[in-house]
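Encoded as structure tokens, the structure appears first; notes follow it.
Along the sequence shown, the residues carry numbers beginning at 1.
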Amino acid sequence: MLTLHVAENSPETAVLVEGATVAAVAPYEELTTAVPQARVRNWPGILTPGLLNPYAPELLEATYHPDPREAETLGTDPITGERAQALFRRDPTRLGASARRGVQRMLAHGTVAVAGDLRTRTVQDVVRRANLAVGQRPPRLPGPPALSPTPLILMPPLTRGAVARFAVFDVATREELVKRGASTCVATVIEGRLVHRSR
């Protein structure tokens with residue numbers, strides 16, 4: 001199936017997806033004329049190649065993301081430091097479940113790739129199953145670790161034949177994305193699949 005993704009503030013970079021692959025990147029009008037049978041997904045904001053989050057170890061191995069059912073006892077915010085490590089020591093099976101919830105939070109922030117040296121097989125498997133790309137960790141990280149890190153690291157531009165990984169943010173420009181951060185994400189696509197949408 002052919003799916004055409006277009007965002008209202010970046011119609012010049014519409015993306016045609018076939019299966020898990022980028023079939024074309026071109027202006028929206030050009031693609032709708034060339035492939036009128038494609039299913040169209042209209043998004044607000046701008047379409048980008050998505051983000052690389054360089055803090056995978058800190059966010060997935062050193063942070064506990066509470067289950068919603070634990071809200072009364074642990075709250076809903078991520079838990080870090082010794083308190084997180086104590087939770088993992090008390091019940092090692094928590095690590096995998098926490099990492100899966102952490103990945104979902106990353107996807108909700110337009111993350112399509114991660115970086116950093118993951119030391120546990122459990123978390124490595126979670127990242128692999130989510131089909132997140134694994135990139136190079138920058139030599140200097142300003143920190144602190146965050147789902148919307150500063151500065152944001154955009155992936156390279158999308159090209160024909162590449163794996164269809166990208167994210168859409170409800171902002172007018174990339175400058176506004178930098179200012180407001182990755183929480184403005186409305187859709188994330190990995191290997192052609194819509195893995196997150198907020199509307």
Side-chain angles (χ1 to χ4, degrees), residues 5 17 19-21 43 47-71 74-81 83-138 141 143-156 158 162-170 177 181-199:
H5 294 262
V17 175
T21 305
W43 303 105
L47 192 152
T48 76
L51 302 175
L52 179 144
N53 191 309
Y55 296 107
E58 293 83 354
L59 294 175
L60 300 179
E61 292 181 326
T63 299
Y64 182 68
H65 300 271
D67 188 301
R69 293 169 295 184
E70 299 173 309
L74 297 178
T76 58
D77 293 333
I79 297 169
T80 59
R83 187 181 178 206
Q85 296 310 309
L87 288 168
F88 293 141
R89 286 195 298 270
R90 195 174 306 141
D91 182 0
T93 63
R94 275 180 155 151
L95 180 61
S98 171
R100 287 190 291 275
R101 292 189 291 271
V103 163
Q104 288 303 313
R105 287 184 167 184
M106 285 180 156
L107 296 175
H109 285 75
T111 298
V112 299
V114 296
D117 185 15
L118 294 172
R119 299 180 181 278
T120 62
R121 177 66 179 271
T122 298
V123 176
Q124 291 170 2
D125 287 345
V126 169
V127 168
R128 177 178 52 79
R129 288 171 185 154
N131 294 313
L132 287 165
V134 177
Q136 183 82 23
R137 186 166 186 162
L141 295 173
L147 293 167
S148 181
T150 302
L152 296 177
I153 303 173
L154 279 170
M155 294 292 285
L158 295 165
V163 174
R165 290 189 181 97
F166 53 89
V168 183
F169 298 89
D170 190 7
L177 171 59
S183 62
T184 56
C185 180
V186 293
T188 304
V189 173
I190 292 184
E191 294 194 355
R193 295 190 306 110
L194 186 62
V195 293
H196 165 75
R197 69 177 298 170
S198 66
R199 60 181 65 184

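- In terms of heavy atoms, H109 sits closest to F169 at O-CE2, 3.9 Å.
- Here the side chains of L158 and L47 are in contact, with some heavy-atom distance below 4.5 Å.
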Could you go through residues 99-106 and list every donor-acceptor pair under 3.5 Å that involves a side-chain atom there, pairing it with any protein atom two or more places apart or in another chain?
{"from": "R101", "atom 1": "NE", "to": "H65", "atom 2": "O", "distance (Å)": "2.6"}
{"from": "R101", "atom 1": "NE", "to": "P66", "atom 2": "O", "distance (Å)": "3.4"}
{"from": "R101", "atom 1": "NH2", "to": "Y64", "atom 2": "OH", "distance (Å)": "3.3"}
{"from": "R101", "atom 1": "NH2", "to": "H65", "atom 2": "O", "distance (Å)": "2.8"}
{"from": "R105", "atom 1": "NH1", "to": "H65", "atom 2": "ND1", "distance (Å)": "3.4"}
{"from": "R105", "atom 1": "NH2", "to": "T76", "atom 2": "O", "distance (Å)": "2.8"}

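- For R128, the CZ atom sits in a packed shell: over 12 heavy atoms of surrounding residues, nucleotides or ligands are nearer than 6.0 Å.
- To the nearest 0.5 Å, atoms CG (L177) and OG1 (T48) are separated by 6.5 Å.
- Summarising the geometry of V163 relative to E191, their closest heavy-atom pair is CG1-CG, 3.7 Å, with the distance given to 0.1 Å.
- Between L147 atom CG and L107 atom CG the span is 10.5 Å, to the nearest 0.5 Å.
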Donor-acceptor list for residues 49-56 side chains, cut-off 3.5 Å, not counting sequence neighbours:
{"from": "N53", "atom 1": "OD1", "to": "Y55", "atom 2": "N", "distance (Å)": "2.9"}
{"from": "N53", "atom 1": "ND2", "to": "A146", "atom 2": "O", "distance (Å)": "2.9"}
{"from": "Y55", "atom 1": "OH", "to": "G143", "atom 2": "N", "distance (Å)": "2.8"}

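- T80 places no side-chain N or O within 3.5 Å of a backbone atom of T63 that could act as its donor or acceptor partner.
- For R69, the side-chain hydrogen bond (donor to acceptor under 3.5 Å, both in side chains) criterion is met by D67, not counting sequence neighbours.
- A side-chain donor-acceptor contact under 3.5 Å links T184 to the backbone of G181.
- Under the side-chain contact (heavy atoms from CB on, under 4.5 Å) criterion, S198 pairs with V186, H196, sequence neighbours left out.
- For residues 110-124, the set of pairs meeting the side-chain hydrogen bond (donor to acceptor under 3.5 Å, both in side chains) definition, not counting sequence neighbours, comprises E61-T120, R121-D125.
- Using a 4.5 Å heavy-atom threshold, the side chains of R137 and P57 count as touching.
- Distance CD1/I190 to CG/L132: 4.5 Å, rounded to 0.5 Å.
- Judged as a side-chain contact (heavy atoms from CB on, under 4.5 Å), and not counting sequence neighbours, the contacts of V189 are H5, F166, L194.
- The closest donor-acceptor contact from the side chain of T188 to the backbone of A108 lies at 3.5 Å or more, if one exists at all.
- Within the 4.5 Å cutoff, no side-chain heavy atoms of V126 are placed close to those of L60.
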